[in-house]
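It should be emphasised that the depicted structure is a prediction, and the values quoted were computed from it without experimental measurement.
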Amino acid sequence: MRRALVAGLITIVIFCVLWIALSALINRVFPWMTILLGAMLGFAVRQAGRGVDWRFPMLAAVLTLSGALLSNIVVAASYTAEIFDTSTLHVLRSVTSMTWPVFFDEVLTPADGFYGVFAAGLAAFLSNRRLTRSQYYALRLWRAKSDRHQ
């Protein structure tokens with residue numbers, strides 16, 4: 001579980017950098033990029049966690065929703081930094097409690113919420129380890145056996 005969490009956090013950082021670079025290159029922000037985050041997080045949790053229970057899809061979905069919000073904040077800060085000719089980190093450090101209502105009113109849209117929820121579902125779907133038929137059958141037998149002994 002710890003490896004899946006670390007891989008997910010690294011994936012969020014990489015995604016933020018890629019989204020900022022693409023937005024700066026094209027000079028446009030695409031809200032559907034969050035779906036790419038969901039796919040990346042699903043694969044990262046699958047490869048690092050290699051789990052087969054409910055915790056891994058839940059972790060992937062929560063990381064995706066958190067990452068979608070964080071990446072929207074970072075992309076908005078990057079865009080603002082470009083306008084004011086300063087660095088993104090300077091804009092992020094200058095955020096106050098009065099900044100957040102403006103951000104949620106002007107930057108986040110219902111489309112961001114829709115894409116975030118869709119990406120979380122995609123990440124949850126992709127996060128569990130894929131088993132062969134024989135592995136799945138062995139897992140079912142093991143779970144049935146452990147249920148009988150409890």
Side-chain angles (χ1 to χ4, degrees), residues 1-136 138-140 143:
M1 195 68 174
R2 184 178 303 136
R3 289 187 301 166
L5 177 65
V6 170
L9 293 175
I10 291 170
T11 302
I12 290 172
V13 170
I14 291 170
F15 175 77
C16 286
V17 170
L18 289 175
W19 199 4
I20 288 171
L22 183 67
S23 296
L25 181 68
I26 298 176
N27 201 23
R28 190 166 175 199
V29 177
F30 297 107
W32 53 263
M33 287 283 291
T34 309
I35 294 173
L36 180 63
L37 172 66
M40 289 171 61
L41 274 170
F43 287 125
V45 169
R46 178 194 302 176
Q47 291 299 322
R50 303 195 49 84
V52 291
D53 61 352
W54 62 271
R55 296 177 301 158
F56 294 94
M58 182 65 72
L59 175 68
V62 168
L63 282 174
T64 300
L65 289 175
S66 303
L69 180 61
L70 177 70
S71 60
N72 274 307
I73 291 169
V74 172
V75 167
S78 170
Y79 184 74
T80 304
E82 189 176 310
I83 290 172
F84 291 116
D85 196 31
T86 186
S87 71
T88 303
L89 291 176
H90 179 72
V91 171
L92 289 172
R93 282 188 303 224
S94 301
V95 170
T96 64
S97 61
M98 296 174 68
T99 309
W100 293 115
V102 174
F103 170 77
F104 286 111
D105 284 343
E106 294 180 5
V107 176
L108 283 184
T109 65
D112 293 317
F114 172 77
Y115 287 126
V117 170
F118 185 81
L122 180 64
F125 176 75
L126 294 173
S127 64
N128 259 343
R129 182 177 176 183
R130 300 294 177 232
L131 301 175
T132 63
R133 287 179 183 256
S134 60
Q135 289 172 332
Y136 181 73
L139 179 65
R140 281 188 56 201
R143 284 182 178 165

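The nearest pair of heavy atoms linking A123 to A60 is O-CB, 3.6 Å. Between L126 and R46, the shortest heavy-atom distance links the atoms O-NE, 3.0 Å. Considering all non-hydrogen atoms of both residues, A44 and A7 come closest at O-CB, 4.0 Å. Listed here is the closest heavy atom pair of T34 and G116: CG2-CA, 3.9 Å. What you find for L37 and T64 is that their closest heavy atoms are CD2-O, 3.8 Å. Of all the heavy atoms in I12 and L63, the pair that sits closest is CD1-O, 3.5 Å.
Using a distance-only test at 3.5 Å, with no hydrogens or angles considered, a donor-acceptor pair links the side chain of Q135 to the main chain of T132.
When the side chain to side chain contact (heavy atoms under 4.5 Å, CB included) test is applied to S66, the partners found at least two apart in sequence or on another chain are V62. Scored by the salt bridge (Lys or Arg N to Asp or Glu O under 4.0 Å) test, R3 finds no partners at all (sequence neighbours excluded). For the ring pair (Phe, Tyr, Trp, His ring centres under 6.0 Å) test, residues two or more places apart in sequence or in another chain that qualify with F15 are W19. With sequence neighbours left out, the side-chain hydrogen bond (donor to acceptor under 3.5 Å, both in side chains) criterion links N128 to no other residue. Residues passing the ring pair (Phe, Tyr, Trp, His ring centres under 6.0 Å) test with F118, sequence neighbours excluded: none.
The CG atom of L41 sits 11.5 Å away from atom CD1 of I10, with the distance rounded to the nearest 0.5 Å. Between the CE atom of M33 and the SG atom of C16 there is a distance of 10.5 Å, given to the nearest 0.5 Å. Separating the CG atom in D105 from the CG atom in L108 is a distance of 9.5 Å, to the nearest 0.5 Å. Rounding to the nearest 0.5 Å gives a distance of 12.5 Å between CG of L70 and CG of L65.
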Distance-only donor-acceptor hits, side chain of residues 71-81, under 3.5 Å, sequence neighbours excluded:
{"residue": "S71", "atom": "OG", "partner": "G67", "partner atom": "O", "Å": "2.8"}
{"residue": "S71", "atom": "OG", "partner": "A68", "partner atom": "O", "Å": "3.1"}
{"residue": "N72", "atom": "ND2", "partner": "A68", "partner atom": "O", "Å": "3.0"}
{"residue": "T80", "atom": "OG1", "partner": "A76", "partner atom": "O", "Å": "2.8"}

TODO: Tell me, with the steps shown, if T109 and D112 meet side chain to side chain contact (heavy atoms under 4.5 Å, CB included).
DONE: CA-CA 5 Å; T109 65; D112 293 317; 3.3 Å; yes
TODO: Give the intermediate values and the outcome of side chain to side chain contact (heavy atoms under 4.5 Å, CB included) for residues H90 and F84.
DONE: CA-CA 11 Å; H90 179 72; F84 291 116; over 6 Å; no
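Looking at heavy atoms from C-beta onward, N27 lies in side-chain contact with E82 at the 4.5 angstrom threshold.
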